[in-house]
Structures are given as C-alpha cells and as structure tokens.
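If you read the sequence from its start, that first residue is 1, and numbering goes on from there. One-based numbering, in listed order, for ligands and for the atoms of each.
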Amino acid sequence: MTKITLVQGDITEQQVDAVVNAANSTLLGGGGVDGAIHRRGGPEILAACRRLRADRYADGLPTGAAVATTAGRLPADHVIHTVGPVWSPDEDRSDLLASCYRESLRVAVEIGARTVAFPAVSAGVYGWPMDDAARIAVRTVREEAPEELAEVRFVLFDERAYRAFEAALAAYNEGRASA
Ligand code: APR
C-alpha cells in the first residue's frame, strides 16, 4: 500500500521523483507553488510548458487535468502540472479537485515515478477552504493511489495547512476503522 506522509516545508526542495504543481490552465507560470517551481526549476520548465501548449493544449490545460514536464534544476526529476478548480460558493467543484489528484497519480505512474509530492491544490489563490481541500486530497489519494507508488507526500507550506491535513488523515483512518 502506498505510504502517505505529511511534511511542512517547500515543495521545491522535496527529494522525490515528481512534484505536483498547482498551475493554471495557461501553464505559463504564476505565483504560489507555480511561481516557486518555475523560479527554482528554471526556464527549461517553462520551455516544456510552451511546447505542450503548442503541441497538445492550444486552449490551455483543462481544470482537473494533469501533464508532466522536466523538473529543470529541482531535486525532483519531473513536474506534474495540474489545474485546480477555483472555489465557488455556488457550485460544488469537488469532483474537479479530486480529479487533480487522480490525474496526477495516473501521470506519475505513466512516467515511472514512485514517489510524488503534492501541495494543497486550490487551497491558496484559488480560495478552497483548507480543511475541505485536505479532506478531498486525503480521500482521493488513499482510495486511488496505484500500488506502483511507494510514497505520496503532502507538502504543506505552513502549520495551519499541516494541521488540516493531519486531521483529515486521522478522520479518514478513523472512518475506515469504524466502517
Ligand atoms: N511549497 C509548498 N506549498 C506552497 C508553496 C511552496 N513553495 N507556495 C505556496 N504553497 C501553498 C499555499 O500556501 C497553499 O496552501 O500551496 C497551496 C496552494 O496555493 P497556490 O500556489 O496559490 O495554488 P492554488 O490555490 O491552486 O492557485 C493556483 O495560483 O500561483 C497561481 O499560477 C497559479 O493561477 C494559479 C493559482
């Protein structure tokens, strides 16, 4: 069974096979995780993203989809770019957020990664409430991580996010225990 670990830190420093980027559909960079990955990973990543836009995603990477590129100068070998849904009070987009994790896991197996690091997708600029983002992330990874993956690591940037994922993991395990 895939090990799930929690780390408080910077996703760009993770020594894993693939790090997941909380991108936007343009794949041309941004702030937060996206900014950090491009800044630390260097121009090769953006060049690869531009090629993807030209060859496969003329209209941009759809929300909930995932695609891999080089990781440039990052310790990781690959970056898996995924586009989270923007939180909406009027529309339940939980399935799209779950799809970010599901598709990133699928791409990870496709590229032969065995260890993958995720940020809290959509829980920053895209405004998703952290507790709910953590619940969806933990449930999707716990239920759908392919056995080829040795480790899925959630890398949380601050204490609040770390505590939210810790609680989500405990709640999920308790739920299973009582099921
Ligand atoms: N390492 C780990 N986590 C980080 C890092 C980092 N270096 N930087 C930010 N975070 C955390 C944020 O604190 C938040 O909890 O990652 C989570 C996701 O935040 P964002 O990066 O803002 O991603 P998201 O909410 O999905 O918004 C995506 O923001 O940066 C732009 O181009 C990006 O348009 C896209 C949007």
For ligand 1, is [X] a contact, meaning one of its heavy atoms is under 4.0 Å away?
{"X": "D10", "result": "yes"}
{"X": "A133", "result": "no"}
{"X": "A120", "result": "yes"}
{"X": "G127", "result": "no"}

Which ligand 1 atoms are under 4.0 Å away from a heavy-atom of [X]?
{"X": "M130", "value": "15 (O)"}
{"X": "G30", "value": "30 (O), 32 (O)"}
{"X": "A123", "value": "25 (O)"}

Q: Please indicate whether any nitrogen or oxygen in D158 is less than 3.5 Å from any nitrogen or oxygen in ligand 1.
A: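 Between D158 and ligand 1, no N or O pair is found under 3.5 Å apart.
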
Q: Return a yes/no value for D34: is any of its N or O atoms, backbone included, closer than 3.5 angstrom to an N or O of ligand 1?
A: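 N/O-N/O distance below 3.5 Å exists for this pair.
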
Q. Side chain, backbone, both or neither: which part of A161 has a heavy atom under 4.0 Å from ligand 1?
A.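 The answer is neither.
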
Would you tell me whether [X] and [Y] have side-chain atoms, one donor and one acceptor, within less than 3.5 Å of each other?
{"X": "H81", "Y": "T69", "value": "yes"}
{"X": "Y101", "Y": "E143", "value": "no"}
{"X": "T2", "Y": "E151", "value": "no"}

Q: Taking all heavy atoms of A66 and all of V107, pick out the closest pair and write down the distance.
A: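 So the two residues come closest at O-CG2, 3.6 Å.
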
